[in-house]
Amino acid sequence: MAHRPAHPAPPRRPSRPARTVPGAGQPAPPPAPARPAPPAPPPPPVPRPAAAPAAPPAPAPRIAPYLFGFDRAEAPPPGWLTELFDASNLRFAGAYVDGPPLAGHPPGSFTVSARSPDRHWMDRLAATAAAGWGIVFFYIGYSSSHDTSAHPSTHPPAGQPTPERGRLHALHIKTIIADRNPGWAGGVVMIDNENSVRLDLDSRAEQPLRDYYLALCEELELPGPGDAPPMRPGFYLHSPVAVPLLRARPDLFVWDVEIDVADKGSTDTVTPPFDPAHPTRIDVGEPHTSVTLRPTLVTPPPGGTVPAWNAWPVGRQFRFYVDHMPQRGSPITRARRSLTPMKPVDFDCALVRNPAFPVAEPRVTAFGGRPDPQVLRGTFAEPARGGDTSTPPMMLLHLLGLRRPGPHPETSPALAVEPDAPIVAVPPERPTVVLSQLRGGVPVEWRLQRDTWVRTVLPTLTGTGARRIRALAAARQPDRSVHVLTVSSGHRLYAQRRPADGPWSEPAPMAGDLRLHPFSSLAATSRGRTVEVLLLDRDSRLVNAWWSRGGEWPGKAHTVVDKAARLLPGGALAALAPTADDLLALGIGRDLRLHLADYRAGRGWEPPRPLGLPEHCLTPHARFAAHVVTPELVEVCALTHRLQPVVYRLRPGDGSWQSADPQPLPAIPPRPPRDHRPPAQDSPVEPAYGWVPNPYGDVTLGRTTTGRSFVTLSAHIRGRAAAVSRFLDGNEEWWLHR
């Protein structure tokens, strides 16, 4: 967004260069024996032979965005926002995080915009989200004063910036959220840098600014003080500027600034990105706009040897529009009286619907164990307005197959599944139970009985709520009992269980007083008579919690697997038990490689170790999938930083599980061949052409009764999202689930 100082300062936009155009009832067995402590890390592996010199790294190709949105300095009235949502294809709004200075600190300790009293976004946030809008948060921190590209109100005062001031600004953000919008705890906040693309955070002159940013990020992720929630850091800037920050923190989120159209001598324009005949709908083709998203090639510093990798932005601001939207005198202003023309408006695009909690659509989970490769898909349903027939924003679930769709789990406005909530199917080899979360993070279960789904809402947490960054895992034991794991707003692990034909228990804390990392994922599996859970603790260490039948449920037992904290704190996790003696843990390392830790009965845990070569980097924010094929084969499918799906095959050997280098799957074809004939209209699938795997999306694996593994992932093209699948073997192409 172009920075605008708070009143009474005159609203002046900064100068930005335009871009170059381009069990109950069972006898209790003896208690489970104590597990041996993790051994010391193994010696480093024997180096591989040196490869021939590689060509200079090149960035991955650009991709199309998924959805469009807008931002402006002051929040429009809620009625205007509702009318705009209903009359446009804009689906998210930029909201400024601002509030009074923290007690004991003078106003000059914060930028004018950060302490602005009249932007109103924090006051209108709940109404904005209820109308269906996703949100991208912006906070105006310091920008460099060493050039004229940033407004002086963002320049640090004498003696600043410092790491201490960075921590203070992080406390400011967390306090504002805690006091005014606690339901957004854990959301991503884009720290606004108003400098041009020429800013070099590697230069000596900008070291204080870089240190300020990194200290802000570190403090922002910490809970407290008091009720102040942790938030996830991101940056609004010209994405090449972010390279030094991404080297230090590869899981940072980025909102790119790259202007596509500007009037002569300015970075603003009166040229709208819409057809004037439809002045609230972004025209996604020429001549009005054809924007794409660029990856940032994160290269090592001079003399560094770490492989380069591509960081994908959550979104991009592409136009500073200084005329009215809708345009004055357009027919829509007469049909929708409350939609009065406003200016200026900045236009954005993104890969996700709700950038504050960046999860791509659709949510998917495999539904294997059947002749037909099936997948359960969750898609966003926009709100419907109109008295008794109104519905809130929610997620709809559909069971889809290659040959025919299955029965769909029921969703309703009264029991609305939360948009973008996780979906878990158990048992993974042949699911008969699906779990997700209602609004507020309340778990809900569907049980497939013949061709009918039976829905049950689980008992809710007492005295606390669910963590806003949702985490959900489940496992089924051999006695057909189902165990569900969630995380509370206090960052504790909670468990619930249901016997084969009985009711659900109340939630109970598991793993004692253990506190999870605020952004930790969850993974669970059954290993014989034991429910195994994987998570990251507050120090980002991989932890294994467990409960064995016959012991006190849900138990306090847990052990630290990885004292070196090798994994990304918010990265995906997977848990698998190929045999009753083996447990595998998978996660994404801070070097962006897939990491494997394995437990063997009688030996204990081996800490996480990277798989593949240093250049086998994954994209940090996407999920990955793993399943057991046989007791001696595990398949893993992940998405590389170039958005290439790859498969790892893990096998036991030399006392531990090992993997060959990942093998790429064929790419989704960009366009159909000349002799392509569309399938029949009633076909449940069609060939997938031109779709792009979403770097913020799901990946899931399943296996049919004919012994074929298949992968399904979240993909998108401009304005559309879908689940696309293919078999891991054979020559079949990718198919799109309609």
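We use all heavy atoms of the structure for the numbers below, so side chains are in, but hydrogens, waters and symmetry mates are not. Note that the numbering runs from 1 along the sequence shown for the chain.
In this structure, Glu221 does not pair ionically with Arg232, as no charged nitrogen and carboxylate oxygen lie closer than 4.0 Å. No salt bridge links Arg377 with Glu361; every basic N to acidic carboxylate O contact stays at or beyond 4.0 Å. A salt bridge does not link Arg72 to Asp346: none of the charged nitrogens lies less than 4.0 Å from a carboxylate oxygen. A salt bridge links Arg353 to Asp420: one of the charged nitrogens lies within less than 4.0 Å of a carboxylate oxygen. Using a 4.0 Å cut-off between charged nitrogen and carboxylate oxygen, Arg439 and Glu418 do not count as a salt-bridge pair. Of the charged side-chain nitrogens involved, none lies within less than 4.0 Å of a carboxylate oxygen, so that Arg593 and Glu615 do not count as a salt-bridged pair.
For the pair Arg281 and Phe274, the cation does not sit on the ring face, since its NZ or CZ is not both under 6.0 Å from the ring centre and inside 45° of the axis.
Residues satisfying the salt bridge (Lys or Arg N to Asp or Glu O under 4.0 Å) test with Arg642, not counting sequence neighbours, are none. Scored by the ring-ring contact (aromatic ring centres under 6.0 Å, His included) test, Phe519 finds His517 as partners (sequence neighbours excluded). Take His621 and apply the side chain to side chain contact (heavy atoms under 4.5 Å, CB included) test, not counting sequence neighbours, and it matches Asp251, Phe253, Tyr696. Considering only residues two or more places apart in sequence or on other chains, Arg703 meets the side chain to side chain donor-acceptor pair (under 3.5 Å) condition with Ser709. Applying the salt bridge (Lys or Arg N to Asp or Glu O under 4.0 Å) criterion to Arg370, with sequence neighbours excluded, gives no partner residue. Glu733 is linked by a salt bridge (Lys or Arg N to Asp or Glu O under 4.0 Å) to nothing, counting only residues two or more places apart in sequence or in another chain. Not counting sequence neighbours, the partners of Phe85 by the ring-ring contact (aromatic ring centres under 6.0 Å, His included) test are Trp133. Looking at residues two or more places apart in sequence or on another chain, you find a ring-ring contact (aromatic ring centres under 6.0 Å, His included) between Tyr139 and His172. With sequence neighbours left out, Arg91 forms a salt bridge (Lys or Arg N to Asp or Glu O under 4.0 Å) with Glu382. Every residue two or more places apart in sequence or in another chain was checked for a ring-ring contact (aromatic ring centres under 6.0 Å, His included) with Tyr66, and none qualifies.
Using a 3.5 Å distance cut-off with no hydrogens or angles, the side chains of His616 and Thr640 do not pair a donor with an acceptor. Between the side chains of Asp71 and Gln317, at least one donor-acceptor pair of N or O atoms lies under 3.5 Å.
Between Ala87 and Leu339 the shortest heavy-atom distance is CB-CD2, 4.3 Å. The shortest heavy-atom contact between Trp453 and Pro407 is NE1-O, 2.8 Å. Between Ala474 and Val424, the shortest heavy-atom contact is CB-CG1, 4.0 Å.
Side-chain atoms of Asn354 come within 3.5 Å of backbone atoms of Ile135 as a donor-acceptor pair (strictly under, hydrogens ignored). Not a single donor-acceptor pair under 3.5 Å links the side chain of Trp121 to the backbone N or O of Pro76.
Every pair passing salt bridge (charged side-chain N to carboxylate O under 4.0 Å, His left out) that includes a residue from residues 670-699 is listed here, sequence neighbours excluded: Arg363-Asp698, Arg623-Asp698, Glu686-Arg738. Legend: side chain to side chain donor-acceptor pair (under 3.5 Å) pairs involving residues 400-412, not counting sequence neighbours, sorted by first then second residue: Asp372-Arg403.
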Stepwise, does the ring pair (Phe, Tyr, Trp, His ring centres under 6.0 Å) test hold for Phe727 with Trp735?
CA-CA 10 Å; Phe727 289 112; Trp735 67 84; 5.3 Å; yes
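With a 4.5 Å cut-off on side-chain heavy atoms, Leu665 and Leu728 count as touching.
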